[in-house]
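Ligands are counted one by one from 1 in listed order, and the atoms in each one are counted from 1 as well. Computed from heavy atoms alone, side chains included, the values below leave out hydrogens, waters and symmetry copies.
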Amino acid sequence: MKNLALSPEVRDALEAKKPVVALESTIISHGLPRGQNLDSARAWENQVREAGATPATVAVIDGVPTVGLESHQLERIANEDVAKASVRDLPVVMGLGVSGATTVASTAYLANLAGIRVFATGGLGGVHRGASEDFDESADIPILAQTPITVVSAGVKSILDIGATLERMETSSVAVLGYRTSVFPAFWLRESAYPLEWRVEEPSEIAAVMAARDELSQRGGIVVANPVPADAQWDPRRHDQILVQALEEADRQGIRGNEVTPFLLSAVVEASGGESLRVNLDLVTNNVALATQIAIAWAQRQP
Ligand code: PSU
Ligand code: MN
């Protein structure tokens with residue numbers, strides 16, 4: 001794509017076929033509170049560098065889709081009121097020349113255009129509770145169904161309908177691999193009620209699955225489900241209580257559309273007195289570490 005901007009660091013790494021890890025920006029603009037978000041975003045980028053790969057945080061800056069943000073661009077995403085831009089919004093923010101933070105869907109989309117194969121996030125979007133009535137399903141899943149990228153996440157939040165989300169991933173042929181787990185994780189918790197069919201132990205196995213997908217000319221993505229470390233997970237009882245409160249509040253206030261996910265996230269952070277936030281930061285760090293290992297394993301396979 002002609003107008004895709006790459007940072008010099010990302011351009012060099014891609015040209016040299018060195019490992020690159022994409023990072024999303026909606027988590028920075030809408031998923032974490034101001035004050036915490038910029039430091040965290042910088043820390044994740046540095047973590048990728050220290051582990052031997054190149055970070056590529058993705059966003060649209062003044063209408064330009066950008067893969068790999070300069071420091072001042074990252075600052076703008078963290079501190080300005082930018083739009084939350086999923087895939088359907090990309091042409092709009094581009095056409096209007098405004099900035100947008102990319103979701104899992106649009107980060108995957110732009111990273112793929114840049115030739116990046118591995119992506120770290122916190123939690124995936126999915127099917128919301130009550131979706132059989134209000135049809136609220138994140139575009140993350142249908143876009144992953146047609147985008148050849150490997151996304152490392154800590155599963156999906158229990159603010160969503162986890163069972164329905166897994167069914168939709170099956171229907172749309174998105175592969176799901178448990179990393180050292182046989183149970184799909186529930187973001188703040190290590191385990192949901194849903195077992196997984198596939199478990200892998202090593203990043204090299206994930207790279208082998210990616211290679212096999214390519215061989216079959218399959219264009220879909222792979223979801224790597226990476227549970228939050230045991231010593232970092234949230235107390236399940238607190239988690240259940242606070243979740244119910246947040247869902248009731250969203251319902252009471254009639255929150256709709258793309259505001260649902262950010263609303264629930266901040267309601268949970270507030271009700272938990274910041275405890276959920278600590279878990280959130282720890283699990284992203286854990287995902288960034290694994291994604292970096294997968295990107296390195298993938299680069300090692302390339303001729
Ligand atoms: N889950 C999180 N933090 C987030 C999001 C999800 O724990 O910030 C964001 C991601 O960018 C994800 C998006 O792609 O929310 C999904 O939003 P929606 O449900 O409106 O598609
Ligand atoms: Mn939605």
Side-chain angles (χ1 to χ4, degrees), residues 22-34 36-37 40-41 44 57-60 77-78 82-90 100-111 119-145 147 149 151-162 164-165 168-169 174 185-189 192 221 223 225-228 234 239 242-243 246-247 250 254-269 272 276-288:
L23 301 167
E24 64 149 312
S25 51
T26 291
I27 187 174
I28 304 171
S29 64
H30 292 74
L32 296 173
R34 290 232 173 120
Q36 190 99 51
N37 57 357
S40 302
W44 292 322
T57 306
V58 175
V60 179
I77 292 296
V82 296
K84 171 180 168 185
S86 192
V87 170
R88 72 168 184 166
D89 309 299
L90 286 176
T102 50
T103 62
V104 168
S106 48
T107 303
Y109 192 93
L110 293 174
F119 168 17
T121 185
L124 291 179
V127 180
H128 284 254
R129 296 182 188 206
S132 60
E133 295 203 344
D134 65 14
F135 288 83
D136 189 356
E137 176 186 354
S138 174
D140 289 356
I141 296 186
I143 293 298
L144 283 179
T147 309
I149 198 155
V151 187
V152 180
S153 84
V156 301
K157 287 192 193 60
S158 23
I159 56 179
L160 303 180
D161 183 335
I162 299 179
T165 302
R168 293 291 294 147
M169 290 201 274
V174 173
F187 196 76
W188 297 292
L189 302 181
S192 70
V223 167
N226 186 32
V228 62
W234 202 2
H239 164 272
I242 284 171
L243 207 68
L247 288 163
I255 307 293
R256 294 276 175 273
N258 78 352
E259 290 180 353
V260 173
T261 298
F263 179 90
L264 289 171
L265 288 175
S266 65
V268 168
V269 170
S272 73
S276 69
L277 184 60
R278 180 197 50 79
V279 185
N280 193 343
L281 297 174
D282 286 349
L283 67 83
V284 178
T285 301
N286 190 48
N287 293 341
V288 169

Please check whether [X] reaches ligand 1 - meaning an N/O of the residue sits under 3.5 Å from an N/O of the ligand, judged on distance alone.
X      : value
Asn258 : no
Leu124 : no
Thr103 : no

Item checked: Leu189/Val228 under side-chain contact (heavy atoms from CB on, under 4.5 Å): CA gap, chis, key distance, verdict -> CA-CA 7 Å; Leu189 302 181; Val228 62; 6.0 Å; no
Close-contact set for ligand 1 against [X] heavy atoms, below 4.0 Å:
X      : value
Asp140 : 12 (C), 14 (O), 16 (C)
Gly31  : 8 (O)
Ile27  : 8 (O)
His128 : 19 (O)
Lys84  : 17 (O), 18 (P), 20 (O)

To which protein heavy atom is [atom] closest, and what is the distance rounded to 0.1 Å?
atom                    : value
atom 15 (O) of ligand 1 : Thr261 CG2, 3.5 Å
atom 6 (C) of ligand 1  : Gly123 O, 3.6 Å
atom 3 (N) of ligand 1  : Leu265 CD1, 3.5 Å
atom 2 (C) of ligand 1  : Lys157 NZ, 2.7 Å
atom 11 (O) of ligand 1 : Glu24 OE1, 2.6 Å
atom 9 (C) of ligand 1  : Thr26 CG2, 4.0 Å
atom 21 (O) of ligand 1 : Ser138 OG, 2.7 Å

Item checked: Verdict with supporting geometry, His239 and Val268, side-chain contact (heavy atoms from CB on, under 4.5 Å) -> CA-CA 9 Å; His239 164 272; Val268 168; over 6 Å; no
Notebook entry, point to check: With side chains defined as the heavy atoms from C-beta onward, is the minimum distance between Tyr109 and Thr103 less than 4.5 Å?
Noted result: no
Margin query: I'd like to check Phe187 versus Ser158 (side-chain heavy atoms, cut-off strictly below 4.5 Å). Are they in contact?
Written below: no
Next item on the list: Quick one: closest heavy-atom pair of Ala101 and Ile77, and the distance?
Entry: CB-CG2, 4.4 Å
Item checked: Atom of Thr107, atom of Ala22 and distance for their closest heavy-atom approach -> CG2-CB, 4.5 Å
Note to self: When you measure from the heavy atoms of His30 to every atom of ligand 1, does any distance fall below 4.0 Å?
What the structure shows: no
Margin query: Determine whether a donor-acceptor pair (N or O, by modelled atom type, separation under 3.5 Å) exists between the side chain of Lys84 and the backbone of His30.
Written below: no
Item checked: Verdict with reasoning, Thr102 to Ser25, per side chain to side chain donor-acceptor pair (under 3.5 Å) -> CA-CA 5 Å; Thr102 50; Ser25 51; 3.1 Å; yes
Check: Could you walk me through whether Ile28 and Thr57 pass the side-chain contact (heavy atoms from CB on, under 4.5 Å) check?
Finding: CA-CA 10 Å; Ile28 304 171; Thr57 306; 4.0 Å; yes
Notebook entry, point to check: Mind checking whether the Mn ion (ligand 2) has an N, O or S of Asp136 under 2.8 Å?
Noted result: yes
Note to self: What's the separation between atom CD1 in Ile27 and atom CG in Leu265, rounded to the nearest 0.5 Å?
What the structure shows: 9.0 Å
Check: Between Leu32 and Ser40, is a side-chain contact (heavy atoms from CB on, under 4.5 Å) present by the stated rule, with each step listed?
Finding: CA-CA 9 Å; Leu32 296 173; Ser40 302; 4.2 Å; yes
